[in-house]
Number of protein chains: 2
Amino acid sequence: MSISDKSQDLNISSVDSSSLVDKVESTLIELLISQKLTPGDLIPKEMELTKMLGVSRTVIREALNRLKTIGLIETSKRKGSIIKSPNLLFLLQKSLIPSILDHATLKDIFELRLVMEIGMSDLIFRRAKPKDIEELEAIVKEEPTSAKEVLFDIDHEIAFHGKLYEISGNQTLMDFQSILLPAFRYVYDSEMIKSPEHDSKWISHKDLVQILKNGTPNKFRNAMRKHLDRHFKGHFKDIKTT
Amino acid sequence: MSISDKSQDLNISSVDSSSLVDKVESTLIELLISQKLTPGDLIPKEMELTKMLGVSRTVIREALNRLKTIGLIETSKRKGSIIKSPNLLFLLQKSLIPSILDHATLKDIFELRLVMEIGMSDLIFRRAKPKDIEELEAIVKEEPTSAKEVLFDIDHEIAFHGKLYEISGNQTLMDFQSILLPAFRYVYDSEMIKSPEHDSKWISHKDLVQILKNGTPNKFRNAMRKHLDRHFKGHFKDIKTT
DNA sequence: GATGCGTCTTATGTATGACATAATGCAATA
DNA sequence: TATTGCATTATGTCATACATAAGACGCATC
């Protein structure tokens, strides 16, 4: 029996290996919450915090720096630190470096795209304005009509689907898409996805636009699912279609 | 005419106000990418970086601390800093403090939930194992059968829908849901959402489970949309139903 | 020869003091 | 009144010193 097994059995409380900065960081976050601070409020100066928490300014600064990194505060000279409403997605952007992400996560992200695009059909259908539809029509204008001929052009693909996200009117969703884009491209480029030939029942971009104009939310949602079918089939062979 | 107006006219390029730490941070990230570093690789020691970049150790440390905050690296004594595949969602967790998020973002997040749950129907349908269905049945067992009587119990709601995320088999999606949970709760608690009475066509959790057992992916997806309809109606009055 | 133990070395973690720099308020001045 | 200039304040950067944990290494023990 190894020592680690023993520690499980004996329920030895694991020693607190977190650094001072870690502790101060969480203390500060708790402070924000308990004090019900909202964006615009100021938090104590560095020197006050050093006195309050009994640690050096170095530690305080490193902790504040972390809050700054996750967008919870903003600092300026003379004024000090001010609470901010963080842009959730801005964060992801920095850490999302496709080459560093592991395969499983990349796969998840690609799947997430499919999930979002099907799910947002209702938003799109409701919020599409005539002008949006015109733009979509302009984008798909050059596409050949026969399904067989449709080549897979990633830039074109992104233009069309990107516009859909825009129409959804959900800023968080849009940000999310734009952040995940590098991951999508990476998945395509690295040939993790092979798009098989689509069959005659396949729904093209043009078809989607038509349904958006004349169909119902339900029809549109199901059409979107069909449109994405080749991706479901292509990589995620474990997903039943239709 | 104010000075700021003038600067616009004269097209004076705004001075770079970013701090040294900001610059070092992006330099380091570029380094990671250009050097094609992957998880497990070591990056130069703090002292080497101070020499390479010509700044003090303080600045280097603050920049490294940021990379650590976004999960790109991990540090340990004696070994130095090591590249990590960041858990994208872990990050969000810290910054997602509902009371600090602005209303618009909270609304977006709630909407995102609806989008994801409809969109992931296909994954659920394909990946649900007999055991999963049993669990779902256990969860909905206590529910009254008549739609009229169904009370809105948020914990029950979370148990059922949480299980659905689990079934989806997409780890990123699951993490996402668990992170967004506080925001969901907040939206419910703060009564930003009012659930209207559901009509006779409403789909209950029990109905969903039945369709999951005996239906098709298409039916399940559309049923999920109907199930969530009260939320679409409740808060997002600008969304057409069905 | 393998295992265990103590010591040394190394790189990060923390503390302290100093000065630079930007933002703000206020007083002096034209 | 408007503008300039100075003092103040709090963050940003630098330098140095020491604490601490994790490996590396050698040595003794079996």
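All figures in this text were calculated on a predicted structure; none of them were measured in a lab. For the numbers below, each heavy atom of this structure counts, side chains included, while hydrogens, waters and symmetry mates do not.
Computed from coordinates, the A/M47 CE to C/dA15 C1' distance equals 12 Å when rounded to whole Å. One interatomic measurement links the two molecules: CD of B/E62 to P of C/dT14, which rounds to 13 Å at whole-angstrom precision. Per the geometry, CG belonging to A/N65 stands 16 Å off C1' belonging to C/dT14, to the nearest Å. When the P atom of C/dT10 is taken as reference, atom CG of B/L49 falls 18 Å away, rounded to whole Å. Counting to the nearest Å, the P atom of C/dT14 and the CD atom of B/E46 are 11 Å from each other. Atom NZ of B/K68 is separated from atom C1' of C/dA11 by 12 Å (rounded to the nearest Å). The CG atom of A/L64 sits 14 Å away from the P atom of D/dA10 (whole-angstrom rounding). One interatomic measurement links the two molecules: CD1 of B/I82 to P of D/dG23, which rounds to 10 Å at whole-angstrom precision.
Distances from the side chain of B/S81 to the nucleotides C/dT12, D/dT11, C/dA15 place C/dT12 closest. For A/L20, counting side-chain heavy atoms from C-beta on, the closest listed nucleotide (C/dT12, C/dT14, C/dT24) is C/dT14. Residue A/R78 places its side chain closer to C/dA23 than to any other of C/dA15, C/dA23, C/dT12.
Two residues, A/E48 and B/K77, neighbour DNA chain D, and the one matched to the more 5' nucleotide by heavy-atom proximity is A/E48. Residue whose closest nucleotide on DNA chain D sits further toward the 5' end, between B/V59 and A/I43: A/I43. Annotation: of the two residues near DNA chain C, A/G54 and A/K79, the 5′-most nearest-nucleotide partner is A/G54.
In this structure, the side chains of A/K84 and A/K68 stay at 4.5 Å or more apart for every pair of heavy atoms.
Between C/dG13 and B/T75, a contact under 4.0 Å exists linking OP1 or OP2 to a side-chain N or O. When the side-chain nitrogen and oxygen atoms of B/R61 are compared with OP1 and OP2 of C/dT12, none of them lie within a distance under 4.0 Å.
Residue-level contact check: A/T58 touches the bases, meaning some heavy atom is under 4.0 Å from a base atom.
There is no side-chain donor-acceptor pair under 3.5 Å between A/D175 and A/T172.
Checked for salt-bridge contact, B/E111 and A/R127 meet the test: a charged N lies under 4.0 Å from a carboxylate O. Electrostatic pairing of B/K163 and B/E166 counts as a salt bridge here, judged by a charged N lying under 4.0 Å from a carboxylate O.
Side-chain atoms of B/D108 do not come within 3.5 Å of backbone N or O of A/N170 as any donor-acceptor pair.
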